[in-house]
Structure formats: C-alpha cells, structure tokens
There are 2 protein chains.
Amino acid sequence: MRDQFNLSEFLPYRLAVLSERVSKRVALAYSESHGLTVPEWRVLVHLSRCRQVSVREIHNCVNLEKPRVSRAVARLEAVGLVDKTESQRDHRLVDISLTEAGWKLLDAIVPEALAVEQQLLSGLSEGDRERLLELMERLHSVLDADPRAATRSRMDLGDSDGPA
Amino acid sequence: MRDQFNLSEFLPYRLAVLSERVSKRVALAYSESHGLTVPEWRVLVHLSRCRQVSVREIHNCVNLEKPRVSRAVARLEAVGLVDKTESQRDHRLVDISLTEAGWKLLDAIVPEALAVEQQLLSGLSEGDRERLLELMERLHSVLDADPRAATRSRMDLGDSDGPA
DNA sequence: GCAATATCGTTTCACTTGCAACGAGTGTCA
DNA sequence: TGACACTCGTTGCAAGTGAAACGATATTGC
C-alpha cells in the first residue's frame, strides 16, 4: 500500500458531492417545472430583494461570474421576466428589475424551494441546523484569512443587508 | 415587500458557495502545480485505492458522469499517468491502473491536498469535525429516502470499501 | 446455435462556461 | 479641454459538459 488516501473521507470531496446532490434536488423546483437554470434562478431571487440593480452588483452578490449574469439576464429579458433599462445617472450601468411576470413566477417557485429546504432540514433539530451553519461559517472564516482562497461576496457575510 | 426570501440564508445556496470556494482552494494543489482537472484528480485518487478498475466502476464511485471519466482517463493516459488495457475476461471492459509516474504524482499531490484539508479544519475541534460530518450525513439520509433525488454512490456510503 | 437484449467505453452534438478582449461611458488631473 | 486610466456590460473563443447515439462485446431466452 502506497498512499492511503480515501477520497470518500476527504472533506472537499464530501462537500462537493453533498452540494451537487442538494442542488440537483432543489433545481427540480425551478428547472423542471419552470425552465430556469441555476444562474437565472439566482438572478431572479436576488432581484426580489434588491429591486433595481446592475449586472455588476448581481455578480458581486450571488456568486456568479459577470458574463454568466449578463447572459442570464439577457435570457430572462427575452422571456419577459425582467426589464433592462439604461441607467440615467451612469450610462454604463443597466438597471435590472423584475417584471410583473417575474414576480408571479417567484411567487410560485419560492414556496417550492422553501419546501425542499424544509424537507432537507427535517432530520435536523433547530439546534442542529444552527450548529451546521455555524460550522460551515467557520470553514468560511479559515478561507477568509487565506490569501490564496477566493474572496467571499459581502452579501454572504453574516452582517447587514447589502446596499440601498 | 412581496417575497421575503433571502438567498444568502438558503441552505442549498450556502452549500454551493462553500463547496465551490473549498474546491477552488484545494484545486490549487493539483491544478496550478500539476495541471490536473477535477475529474482527473478524482480518477487518480480512486485508482490509488482500487488499483485496477473499469470506467464504469470509476463512474459509479467518484460522482462523475461516464463520458467525463472516459475523457479524463484518455488525457491521463496521453500524459502517461495511467495505463489502459483491454480486459481479458470481458473484452468490453478496460482495465485502468496507475503507472509509476501516476503513483509519483500522487505521492507529491496527496500531502498538499491533505494539508489544505487540515488547514480548513484548523478552526474545528475533533468533536466539531465529527459533528459536521454527521450533520452532512443526515442531509444525505433525507435525500436517500427521496425518490426524486439523485442516488448516492455506494462508495460514499459509510459502509465497506467497495469491490475487490 | 442464434436472434434479441443488455452493457461497455467512446463519440457526437448542442449547449454552457470562464477568460480575455472589446466598445462605450465616466472620472481624474494637468 | 484633452489625454489617460478606470469601470461598465457584452461578446469571441476555446474548452468543458451532459444526454443521446454508436459500434463492439456479452448475456439471455428460445
């Protein structure tokens, strides 16, 4: 025996497997039924909180590369779920906001997504849930202090509710 | 306010963000320094445990689609890290195993990967670490009972060490 | 023995992805 | 004012991805 390295016990691998499995399950709520991709879903959800934002802000807030946001927004606009208008104050920026159809779609999807989350958490007590989040937060903290790790979007930090 | 849905507090999203961040950090150990992709890394690591396996078995064990395994193995063979030979017992199967160069590469990478894992876990006590894994396992259990969720590879279950 | 079925690894094809480059607009400072 | 550096959102391009189809081999049922 040369290396005794068990992939199944390697934390990064375990996280990846669990995350992917969870993502796939949740995606059924918005992909299968409503034809949304993950980036589109994230953009819509973010808009429901921030009302009118630029591509850059979305990029900074929901962990998506800039081109990905741009393309997701383009598709969402083509389907009539969001509006894009050139900002008046700064003509480089685009003001993106939900249309009425976008709001309606979210009204339908969000409860499903929350139901899946509730189902996932059904095996955990309230204390367990908090412990899990706290442990995950501690892993983040290690990465926050690591210069070679990717930086975390400020919105995902525990503090206040972002801009404006 | 219509929906009050906070993406940053949505467990599936949090898992995805953490997992991606961790993956990127770990990937530095094998990507930046040794030019490996994630699938290639998983294949190599799996081979270090199972010595001689088919594409199908790798696919079943390390959470990679079949074509992805096939292509990863092809690249690894092209670079001389693995050997591919047609199986004698069943001519449809391919026996894949590490070359000496493959072993050497793993000897170099595995300690780096473990070091990153250790660093990640540095903020957690031994008890914390066990609790985290146990909580993750409980999320898996919920999905195991959900017919609409993806099935989990048997190797990632807590039990025995797979075949052969 | 032989057709029908199943399984293996590979490949095809359409699509997504990330990086880098781009044009357009804004700020800055002489 | 004008040149320079910067930021915005988008797009080109090469690489990666998953679903389905493929040829080749094995197995099953008759």
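The model shown is predicted, which means the values in this text are computed figures rather than measured ones.
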Next on the checklist: Please list all pairs meeting salt bridge (charged side-chain N to carboxylate O under 4.0 Å, His left out) that have one or both residues in residues 62-83 of chain A, counting only residues at least two apart or in different chains.
Outcome noted: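 Passing the test, one end in residues 62-83 of chain A: E40(A)-R75(A).
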Would you say the side chain of [Y] lies within less than 4.5 Å of the side chain of [X], judging by non-hydrogen atoms?
X       : Y       : value
R152(A) : D144(A) : yes
C50(B)  : E57(B)  : no
S8(B)   : D156(A) : yes

Checklist entry - Side chain of S19(A), backbone of A16(A): donor and acceptor closer than 3.5 Å? => result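 No.
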d([atom1], [X]; [atom2], [N]) in whole Å:
X      : N       : atom1 : atom2 : answer
N60(B) : dG9(C)  : CG    : C1'   : 13 Å
R89(B) : dT7(C)  : CZ    : P     : 18 Å
K24(B) : dC19(C) : NZ    : C1'   : 12 Å

Item to check | Per-nucleotide protein contact string for nucleotides 8-19 of chain D (B base, S sugar-phosphate only, - none; heavy atom under 4.0 Å) | outcome: SBSBB---SSBB
Next on the checklist: Over the length of the helix from dG1(C)-dC30(D) to dA30(C)-dT1(D), how much do the five-pair end axes diverge, rounded to 10 degrees?
Outcome noted: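 So the angle between the two local helix axes works out to 10°.
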Return a table of donor-acceptor pairs under 3.5 angstrom between the side chains of residues 115-124 of chain B and protein atoms on other chains or two or more places apart.
from, atom 1, to, atom 2, distance (Å)
E117(B), OE2, L11(A), N, 2.9
Q119(B), NE2, D146(A), OD2, 3.2
S122(B), OG, Q119(B), O, 2.5

Checklist entry - Does anything in residues 126-153 of chain A pair up under ring-ring contact (aromatic ring centres under 6.0 Å, His included), and if so which pairs, sequence neighbours excluded? => result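 Residue pairs passing ring-ring contact (aromatic ring centres under 6.0 Å, His included), neighbours aside: none found.
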Checklist entry - Who passes ring pair (Phe, Tyr, Trp, His ring centres under 6.0 Å) against Y13(B), sequence neighbours left out? => result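 Here no residue qualifies.
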